[in-house]
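Please read all numbers here as calculations on a predicted model, not as lab measurements. Note on naming: letters A, B, ... go to the chains in the order of the sequence lines (proteins, then strands), and numbering restarts at 1 for each one.
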There are 2 protein chains.
Amino acid sequence: MDKLDTFKKIGKLEKLIHEPSRLAILTALMGCQQADFQFLLNLVGMTKGNLSSHLSKLESGGLIVVEKTYLGKRPITYLSLTEHGRKSVSKHWQILDDLRKSI
Amino acid sequence: MDKLDTFKKIGKLEKLIHEPSRLAILTALMGCQQADFQFLLNLVGMTKGNLSSHLSKLESGGLIVVEKTYLGKRPITYLSLTEHGRKSVSKHWQILDDLRKSI
DNA sequence: TTATAAGGTTTGCAGTACAAACTGGTTTGC
DNA sequence: GCAAACCAGTTTGTACTGCAAACCTTATAA
């Protein structure tokens, strides 16, 4: 792949992945098997509402799986990447890397 | 800086820089003294209208300088990073790098 | 003189991110 | 026992933004 392609690919980066908060969420999930809602909330430092809506979008896009269960009597939500999600995020970082290295 | 900070910083990535097309434009400008409109158009592969509006935003944000002149009788527009722009883009890539390395 | 092209700018709309309000349930205090 | 506070998220409203398409101005071609 030559440099020109690198630049053209950037314009088509998946926004679902690229949006900063979601990139942080997804990247965090790359480093573990699963995480819960509260862990992510603390990690990326956004409001519950926004985290919730970002997670819904990632789920709709097939990048993550949302598992709702209980820990004792309290609801708890676990998040993990799907196989497709893992590959997509990896590819996304690869494109960004290529762009950066083009400088 | 510890890992937790890395994740929190991501949410605050400057959108002006992070948007894919603009990240491509800015990164291209990092690699040269100046570029013209047509060169960027060809490089990132978007429509003239969208390139124009992205450039306006980057100019308003003080990241680039837009110089309009003529080449013979035809109008031509040159773009270059401001010193502030150069530093901001460099910092942006640094934050992305930190995130990626956190995996 | 009309038409086509160069080099952009402006407009209209569809989609999105965020803060704030809300829901459903649990625990605490009195 | 029951009101108030808390927990774990979801939904809503709005202001913003990216994109395609339409438009503008001047220059060259037929």
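At whole-Å resolution of the value, CD1 in B:Ile25 and P in D:dG18 are 11 Å apart. What separates CG of B:Leu58 from C1' of D:dT17 is a distance of 14 Å, to the nearest Å. When the P atom of D:dG18 is taken as reference, atom CG of A:Leu13 falls 14 Å away, rounded to whole Å. The nearest whole Å value for the distance from the CD atom in A:Glu59 to the C1' atom in D:dT10 is 13 Å. The CD1 atom of B:Ile17 sits 17 Å away from the C1' atom of D:dT17 (whole-angstrom rounding). Rounded to whole Å, the distance from CG on B:Leu51 to C1' on D:dA21 is 16 Å. Distance, B:Lys68 NZ to D:dT26 P: 14 Å, rounded to whole Å. With rounding to whole Å, B:Phe37 atom CZ is found 13 Å from C:dA6 atom P.
A donor-acceptor pair is defined here as one N or O able to donate and one able to accept, closer than 3.5 Å; such a pair exists between the side chain of B:Arg22 and the backbone of B:Lys15.
Annotation: B:Lys8, atom NZ; neighbour count of heavy atoms from other residues, nucleotides and ligands within 6.0 Å is above 12.
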Which parts of nucleotides 17-28 of chain C does protein reach within less than 4.0 Å, heavy atoms only, written one letter per nucleotide 5' to 3' as B for base, S for sugar-phosphate only and - for none? SBBB-----SS-

Test log, rule side chain to side chain contact (heavy atoms under 4.5 Å, CB included), inputs B:His54 and B:Ser56: CA-CA 5 Å; B:His54 281 307; B:Ser56 295; over 6 Å; no

Decide yes or no on side chain to side chain contact (heavy atoms under 4.5 Å, CB included) for A:Leu23 and A:His92, but give the supporting numbers first. CA-CA 10 Å; A:Leu23 187 59; A:His92 194 92; 4.2 Å; yes

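In this entry D:dA5 has C:dT26 as its Watson-Crick or G-U wobble partner, both defining distances falling under 3.5 Å.
Remark: A:Gln38 is in phosphate contact with D:dG9, judged by side-chain N or O atoms under 4.0 Å from OP1 or OP2.
As judged by a 4.0 angstrom heavy-atom cut-off over every strand, A:Ile76 is placed among residues touching the sugar-phosphate backbone only. Using a 4.0 Å heavy-atom cutoff across all strands shown, A:Thr77 reaches sugar-phosphate atoms only and no base atom.
Contact check on B:Asp5 versus B:Lys9 returns no salt bridge, with no Lys/Arg side-chain nitrogen under 4.0 Å from an Asp/Glu carboxylate oxygen.
Taking a 4.5 Å side-chain heavy-atom cut-off between Ile, Leu, Val, Met, Phe, Trp and Tyr, the cluster of A:Ile76 extends to A:Leu71, A:Tyr78.
Transitive grouping of hydrophobic side chains (ILVMFWY, heavy atoms separated by less than 4.5 Å) brings A:Phe7 and B:Phe39 into a common cluster.
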